[in-house]
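As structure tokens, the structure follows; a few thoughts come after it.
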Amino acid sequence: MKKIFASAIAVILLASCQMDFYSSDTMTSTQLSSNAAAAIYTTDGVYSLFKDNLAYYGQSGGESGNFYVRHYFQLTELRGDNVCVSGVSSDPFCQAYRYEDENTSKNIYYTWWISYKIINAANSNIDGLKDGGSKQLLGENYFFRAIAHFNLVNLFARPYSCGRDNPGVVLHVGNDEDVIKRATVGEVYDAVVEDLKSAIACMSDASAKARGDKGYVSLEAAKALLARVYLYMEKNEECIEICNDLLGDDPASHLITGDELHDYPTHTYNSPETIWCVRHINPDDNAGQASIGSMYMRIGGGWGEHYWNDELIELFQRYPEDKRFNAYFVMEGLTDDGKVMLCFPFRNKDNNDFCVTNVVHGVTKKANTESYNITFKGKNYVAEPETQNGYTRYYINGVDFSDWSTGAGKRTPVYIRPDVNTNEGMREGLYVRYYNTKFSGQDGDNMLTSPVFLRWGEVVLNRAEALAKTPGREADALKDVNVIRRRAGLPDEAMFSTTDMHGYASALDVVLDERRMELCFEGHRMFDVFRNRRSLDRRYVGYHPWGLVEYTDPKIALEIPADELNSSHIQSNR
């Protein structure tokens with residue numbers, strides 16, 4: 001940690017919030033506790049660190065795409081199973097997506113470096129405010145220190161559920177710059193809990209008052225993050241208790257309507273759905289083609305290299321009424337002739353570790369059946385329906401075009417998609433690209449939003465998961481799931497009960513699929529799979545190795561940056 005901690009504790013630059021920020025390390029404790037304006041500016045400066053493009057140690061200027069929020073949402077979501085990356089890229093997200101991350105890549109070193117700058121700035125503010133300063137500002141800084149440590153330990157270490165004593169990250173609580181000892185996962189989590197309890201106590205004080213829009217940390221934000229931490233620690237009773245406190249008797253009252261979901265990314269910063277987001281202001285915070293949205297959205301000037309995984313689309317397509325699907329995606333180049341195309345994974349013969357999409361256009365159902373006849377590479381096949389978890393899936397039995405399975409049970413999943421107009425100038429391949437809109441549309445710009453870290457839909461599902469893991473509370477867990485599904489506009493027959501699980505084996509399986517749909521692309525999926533000690537199934541189309549990633553695999557933890565290893569006695573986590 002010497003490279004980090006030997007540098008200024010909080011170099012906070014004027015960037016996005018259009019105000020002059022004082023560096024925390026230039027202010028004495030007396031000044032911060034007695035000068036309300038100074039304390040506000042140094043605290044607001046920490047907010048800017050989540051979105052500013054700063055020069056990494058030794059650089060002459062900020063490197064393109066180096067933003068905490070961009071790296072965080074890519075490192076979390078692209079390592080799950082929601083996203084299909086279309087091909088090789090010079091951007092380091094590609095290595096992380098393939099679980100081939102390198103500890104010299106900018107997304108690795110910048111995330112580590114800027115996280116400790118956030119922590120150090122919060123430490124300085126806490127030291128200056130804890131004896132007589134603003135309770136609200138003190139609480140906000142405890143929150144900053146908590147979420148930065150929490151995100152670090154989840155990215156660079158094994159899940160808490162895999163063992164408290166596994167190596168974590170450096171725990172830096174206070175202004176002792178010589179502390180370079182790597183704490184255990186359990187020690188980091190315990191410190192995060194204590195910081196969030198302190199934040200809650202501060203912001204519960206009668207003198208504390210939430211500031212501004214949802215870009216500012218509130219009492220509800222500290223409680224919501226603590227509920228997530230307890231869930232990850234498998235402290236289910238504690239998670240349920242704090243969620244009960246947040247949600248009251250009517251959890252649905254905290255949610256925006258299904259019809260409002262479509263417009264949600266355009267104003268997350270003042271939406272009732274948001275608990276805390278990183279507020280972006282146009283044009284100062286508009287990163288354009290380096291933004292999160294640029295990777296997900298081609299329309300409007302983006303790269304559009306990150307698509308929906310077919311299996312995620314299948315979850316949504318069980319019910320055409322699902323307003324989330326229509327709110328979260330956009331397609332281009334469709335026909336209107338009522339025909340469909342059949343898509344399926346096909347092994348790339350030039351590189352044996354990933355699959356591409358192959359398609360057959362203009363398909364109609366076989367007469368008097370629910371099956372589809374197709375001709376592919378001169379041979380005839382039948383895509384046959386099969387009921388799974390209450391809805392229809394299609395397979396070509398007896399053949400595996402991905403060429404990875406063997407034996408009598410091999411088959412190819414087939415996805416029924418709207419057909420595309422081959423004259424619309426679509427990219428090569430001529431299949432539907434499902435663009436994710438969750439990071440688009442603020443101020444009419446498809447490259448801009450204020451990324452959400454905490455929202456009410458997650459709180460409901462946090463409680464649902466904790467209830468599903470509590471013996472005898474499965475029915476209550478399904479009630480919470482149904483709150484989310486009703487908001488999505490699903491019909492009564494789509495609701496769950498202990499007597500009608502729609503083919504699911506357990507309430508926990510129901511909750512995890514609902515979390516996958518509701519929270520897709522928001523950085524939860526990888527953590528949800530591995531902390532529940534499950535395998536991540538990456539047997540789907542995309543530029544990644546075809547196979548399972550086990551929760552026991554050391555590579556699920558990111559490599560600690562090379563600069564850190566070279567300048568301290570910390571050892572790699574691999």
Side-chain angles (χ1 to χ4, degrees), residues 210 213-228 231 239-279 315-316 318-329 436-442 449-468 475-492 494-497 507 510-525 528:
D213 58 26
K214 302 302 179 65
Y216 288 97
V217 171
S218 63
L219 174 61
E220 288 77 14
K223 289 181 178 181
L225 183 57
L226 183 56
R228 185 192 298 179
L231 183 69
C239 177
I240 293 167
E241 181 180 358
I242 198 165
C243 288
N244 287 345
D245 175 57
L246 282 165
L247 295 170
D249 297 329
D250 184 11
S253 66
H254 296 277
L255 307 176
I256 60 176
T257 68
D259 291 331
E260 293 173 306
L261 287 173
H262 181 80
D263 193 49
Y264 179 48
T266 70
H267 65 114
T268 58
Y269 55 87
N270 64 10
S271 171
E273 178 77 18
T274 303
I275 300 176
W276 183 62
C277 67
V278 174
R279 176 73 161 101
L315 282 177
F316 278 105
R318 291 179 295 185
Y319 296 99
E321 306 94 333
D322 198 323
K323 295 180 180 180
R324 294 171 297 187
F325 189 47
N326 294 324
Y328 300 163
F329 84 96
N436 163 32
T437 63
K438 279 193 171 181
F439 299 95
S440 297
Q442 183 176 315
T449 192
S450 294
V452 177
F453 278 82
L454 295 161
R455 66 180 178 91
W456 288 105
E458 185 208 343
V459 175
V460 176
L461 289 170
N462 286 348
R463 185 171 70 177
E465 183 177 337
L467 288 166
D476 292 329
L478 297 176
K479 287 180 182 177
D480 275 344
V481 169
N482 290 340
V483 167
I484 298 297
R485 292 173 76 77
R486 286 195 179 91
R487 189 264 287 274
L490 300 187
D492 289 343
M495 299 302 134
F496 290 99
S497 69
V510 171
V511 173
L512 291 179
D513 264 2
E514 203 63 37
R515 286 182 68 93
R516 186 180 184 185
M517 290 188 287
E518 177 68 21
L519 305 176
C520 61
F521 312 117
E522 296 178 36
H524 296 272
R525 178 62 178 171
D528 288 352

Just by modelled atom types, is the [Y] backbone N or O under 3.5 Å from a matching donor or acceptor in the [X] side chain?
X: K214; Y: T274; value: yes
X: W276; Y: R455; value: no
X: R318; Y: L315; value: yes
X: D322; Y: L490; value: no
X: S450; Y: T268; value: no
X: R279; Y: D213; value: no

Drop me the distance from [X]'s [atom1] to [Y]'s [atom2], to the nearest 0.5 angstrom.
X: E518; Y: L255; atom1: CD; atom2: CG; answer: 7.5 Å
X: E273; Y: R487; atom1: CD; atom2: CZ; answer: 4.0 Å
X: L226; Y: L231; atom1: CG; atom2: CG; answer: 11.5 Å
X: L454; Y: E220; atom1: CG; atom2: CD; answer: 11.5 Å
X: L461; Y: R516; atom1: CG; atom2: CZ; answer: 14.5 Å
X: K479; Y: R486; atom1: NZ; atom2: CZ; answer: 10.5 Å

What are the two closest heavy atoms between [X] and [Y], and how far apart are they?
X: V460; Y: P251; answer: CG2-CB, 4.2 Å
X: I242; Y: A227; answer: CG2-CB, 3.3 Å
X: K438; Y: C520; answer: NZ-O, 2.9 Å
X: I240; Y: A466; answer: CG1-CB, 3.6 Å
X: S440; Y: P265; answer: O-CB, 3.2 Å
X: A477; Y: A464; answer: CB-O, 3.2 Å

Test: R324 and E514 ion pair at under 4.0 Å: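 Salt bridge flag = yes for E514 with R324.
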
Exceeds 12 heavy-atom contacts within 6.0 angstrom, atom CG of D250: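 Result for CG/D250: enclosed.
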
Whether over 12 other heavy atoms sit under 6.0 Å from H262 NE2: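 Result for NE2/H262: open.
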
Distance-only polar pair, side chains of N462 and R228, donor-acceptor under 3.5 Å: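 There is no such pair between these side chains.
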
Side-chain touch R525/L519, heavy atoms, less than 4.5 angstrom: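 No, side chains not in contact.
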
Plane angle bin for F316 and Y328 - parallel if under 30°, tilted between 30 and 60°, otherwise perpendicular: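 Aromatic pair Y328/F316 classed perpendicular.
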
Criterion side-chain contact (heavy atoms from CB on, under 4.5 Å) on W456 and L247, from CA distance to verdict: CA-CA 9 Å; W456 288 105; L247 295 170; 3.9 Å; yes

Set of residues satisfying side-chain hydrogen bond (donor to acceptor under 3.5 Å, both in side chains) with respect to E260, sequence neighbours excluded: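 Expected list: T257.
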
Partner residues of S271 under the side-chain hydrogen bond (donor to acceptor under 3.5 Å, both in side chains) criterion, sequence neighbours left out: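 S271: no side-chain hydrogen bond (donor to acceptor under 3.5 Å, both in side chains) contacts found.
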
Residues R463, N244; criterion side-chain contact (heavy atoms from CB on, under 4.5 Å); working and verdict: CA-CA 8 Å; R463 185 171 70 177; N244 287 345; 2.8 Å; yes

